Undergrad: 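Sharing a structure here in structure tokens format.
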Amino acid sequence: MKETPLSNCERRFLLRAIEEKKRLDGRQTYDYRNIRISFGTDYGCCIVELGKTRVLGQVSCELVSPKLNRATEGILFFNLELSQMAAPAFEPGRQSDLLVKLNRLMERCLRNSKCIDTESLCVVAGEKVWQIRVDLHLLNHDGNIIDAASIAAIVALCHFRRPDVSVQGDEVTLYTPEERDPVPLSIHHMPICVSFAFFQQGTYLLVDPNEREERVMDGLLVIAMNKHREICTIQSSGSEMQ
Amino acid sequence: MAGLELLSDQGYRVDGRRAGELRKIQARMGVFAQADGSAYIEQGNTKALAVVYGPHEIRGSRARALPDRALVNCQYSSATFSTGERKRRPHGDRKSCEMGLQLRQTFEAAILTQLHPRSQIDIYVQVLQADGGTYAACVNAATLAVLDAGIPMRDFVCACSAGFVDGTALADLSHVEEAAGGPQLALALLPASGQIALLEMDARLHEDHLERVLEAAAQAARDVHTLLDRVVRQHRAELRGGHRLVLGAGFPAADPAHLHVGERHGLHHGGGAVCGRRPCPGFCPGLRRPPQEVGGSASGLA
């Protein structure tokens, strides 16, 4: 289904309200919506609700052979999916641009910033490493997918426990959860994405835009930071800003 | 790579440059006769080729046509021989898609799309050799190609990459510096107004240093702008003189004198076709020196 177009009067109303520093849901310009995190029964399963935007994250792991040029490092794989229940406009064939953009941003934010210690995922150098796969599903779209997805990913990774492994010579023994307690992943830092919607070339900035505000915005600036005040990723999309 | 220091004590980088120094940039416009606009750029060892077709009618579904603007379609492709190891790159893979999206975003901000409603502008970029700074080289090549095609733009789009090592901001990273894993920033700038078309950063950087890296990238982009400006003027001077440098052609084109490339001060002629305005001054008002008559045809001032 094609996205319902936004009427001109609604667009004008939203833009005028933003110029007067008012938002539809009563927030201030730099206010976030309420975040609720709940966990599932498995290790590594979590649901994040940012206002009405809902993302489900699940982490799983598998022993595989490593990449040829990185024989001593584990593999991290991220996959974000926009499920059809999130918004009527998300259909299997239609989403490619947005999907590519979101997936690449997730990869850059979490993989390139080295938040997980990939060397600790190595079991036998050159032969067996852990492949950690993070699957994120968007369940409801009410704006700001990227923030919710990044929170879900990092929370799921912190919650996850991988099975314990021991190596004796050439033999690799994988212990089940009953034999030995599963081991958490070693996480260096937790990067969280914050989105800013800007209007009129950066004159007006809004934090955490909801779906209506995203439709009328000129551009989006995403900054990922951790608590050590380090910036992990910046990405600006949309039109230009000063 | 252990032991390889990116910035020596005397302030020299791996390839002997200073911290804020750009690599050598060489560019040529109008390398293909078939395309509406084309350009080739070499930034150090990074070589990129850009080709522009348009504005023309929307290909494919008419439904995608925008009623008030032109559609900008960008495709990025990286040759298999472009990196150290030969790598087969499938066409639709994520990184190429992302680059295409970023290029599109950059040029939608700069091209005056309102002048060509319901039409499409295609920009194809091919990287022949990747030695760091591929996004910047692509944007610079595409800017020259769009100018060569005569499509009106708000301003040049100049891009450069920057990094941060040992407390110093480095401009224009090479592959060795990028692979070392430090923070990298890619910036696309419209120099006259100072507006940022695209800003992208990877890897961890403390927020105190962001200002410096951003300033280094902006300064480098402005330096690139000076160079690109010179390339465009030189190209026009060559056209004016009746000698058209076209790959594969053996003789100069018929009447290149009235080709007005859409420079920012020459926006009165939007297209690249022969100018119909008479009397034509023969050069854009912003050009400080009058065109030189270089032998050959008398196709100079009207």
Side-chain angles (χ1 to χ4, degrees), chain A residues 2 5 68-70 73 77-80 94-115 118 188-191 193-194 196 198 200-203 218-242, chain B residues 61 63-64 67 73-74 83-85 87 92-102 104-111 113 154-155 157 164 178-179 181-190 192-211 213-214 217-218:
Chain A
K2 217 171 166 206
L68 290 167
N69 50 351
R70 293 198 200 268
E73 287 183 18
F77 182 67
F78 294 96
N79 186 29
L80 171 69
R94 269 176 189 274
Q95 324 157 1
S96 41
D97 276 357
L98 182 61
L99 204 57
V100 166
K101 192 176 110 173
L102 292 173
N103 269 305
R104 280 294 299 162
L105 191 54
M106 292 296 316
E107 270 184 30
R108 283 170 45 213
C109 170
L110 290 162
R111 194 191 291 166
N112 292 4
S113 65
K114 302 204 181 25
C115 61
T118 42
H188 291 311
H189 64 102
M190 298 171 55
C193 290
V194 177
F196 292 86
F198 53 87
Q200 289 188 30
Q201 282 147 16
T203 335
D218 281 344
L220 186 71
L221 177 69
V222 179
I223 302 185
M225 280 185 79
N226 62 23
K227 73 169 188 197
H228 306 296
R229 309 192 75 169
E230 286 171 341
I231 301 174
C232 303
T233 303
I234 299 183
Q235 168 137 335
S236 83
S237 49
S239 75
E240 72 258 23
M241 51 185 188
Q242 293 285 6
Chain B
S61 66
R64 287 197 303 146
N73 172 37
C74 290
T83 47
E85 275 176 24
K87 255 193 230 173
D93 78 327
R94 268 190 203 167
K95 269 190 121 175
S96 308
C97 265
E98 188 202 12
M99 272 291 225
L101 284 176
Q102 286 179 346
R104 183 171 82 176
Q105 177 206 327
T106 314
F107 283 95
E108 268 180 358
I111 295 179
T113 46
R154 202 163 277 132
D155 194 355
V157 186
F164 192 75
E178 278 184 2
Q184 303 161 29
L185 184 94
L187 177 74
L189 192 70
L190 277 67
S193 47
Q195 288 185 336
I196 298 175
L198 184 126
L199 172 64
E200 199 184 49
M201 205 202 78
D202 273 343
R204 290 151 66 176
L205 177 71
H206 199 273
E207 63 172 7
D208 295 339
H209 306 308
L210 180 64
E211 267 302 321
V213 181
L214 210 53

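Basis for what follows: all heavy atoms, side chains included, without hydrogens, waters or symmetry-related copies. The structure presented is a predicted model; accordingly, all values stated were derived computationally and were not measured.
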Undergrad: Taking atom CG of B/L185 and atom CD1 of A/I231, what is their separation to the nearest 0.5 Å?
TA: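 Those atoms lie 9.5 Å apart.
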Undergrad: Provide the closest heavy-atom pair for B/A197 versus A/S236 in the form atom of the first, atom of the second, distance.
TA: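 Looking at all heavy atoms of both residues, the shortest contact is O-OG, 4.2 Å.
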Undergrad: Measure across B/D202 and A/R108 and return the closest heavy-atom pair with its distance rounded to 0.1 Å.
TA: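 Scanning both residues, the minimum pair turns out to be OD1-NE, 2.7 Å.
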Undergrad: Given a strict heavy-atom distance threshold of 4.5 Å, which part of B/L101 is in contact with chain A: side chain, backbone, both, or neither?
TA: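 B/L101 touches chain A through side-chain heavy atoms alone.
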Undergrad: Which atom pair, heavy atoms only, marks the closest approach of A/D97 to B/R104?
TA: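 Closest approach of A/D97 to B/R104, heavy atoms only: OD2-NH2, 3.3 Å.
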Undergrad: Let's test your reading of the structure: which of A/L99, A/V100, A/I223 forms the most heavy-atom pairs below 4.5 Å with chain B?
TA: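 Greatest number of close heavy-atom pairs with chain B: A/V100.
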Undergrad: Where does A/H189 contact chain B at under 4.5 Å (heavy atoms): side chain, backbone, both or neither?
TA: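 It is the side chain, since no backbone atom gets that close.
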Undergrad: How far does CG of B/L214 sit from CD1 of A/I234, to the nearest 0.5 angstrom?
TA: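 Answer rounded to 0.5 Å: 7.0 Å.
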Undergrad: Run the side-chain contact (heavy atoms from CB on, under 4.5 Å) test against A/E73 and tell me which residues pass, sequence neighbours left out.
TA: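 Once residues adjacent in sequence are excluded, the partners of A/E73 under the side-chain contact (heavy atoms from CB on, under 4.5 Å) criterion are A/R70, A/T118, A/E119.
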Undergrad: Only counting residues at least two apart or in another chain, list the ones meeting side chain to side chain donor-acceptor pair (under 3.5 Å) with B/Q184.
TA: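 Residues passing side chain to side chain donor-acceptor pair (under 3.5 Å) with B/Q184: none at all.
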Undergrad: Could you check whether B/E200 pairs with A/R104 (Lys NZ or Arg NE/NH1/NH2 to Asp/Glu carboxylate O, under 4.0 Å)?
TA: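 Salt bridge between B/E200 and A/R104, a charged N being under 4.0 Å from a carboxylate O: no.
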Undergrad: Which value, rounded to the nearest 0.5 Å, describes the distance between B/E98 atom CD and A/Q235 atom CD?
TA: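 So the CD of B/E98 and the CD of A/Q235 are separated by 6.0 Å.
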Undergrad: Go through A/R229, A/R111, A/K101, A/H228 and name the one with the most non-hydrogen pairs under 4.5 angstrom from chain B.
TA: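 Sorted descending by pairs with chain B, the first entry is A/R229.
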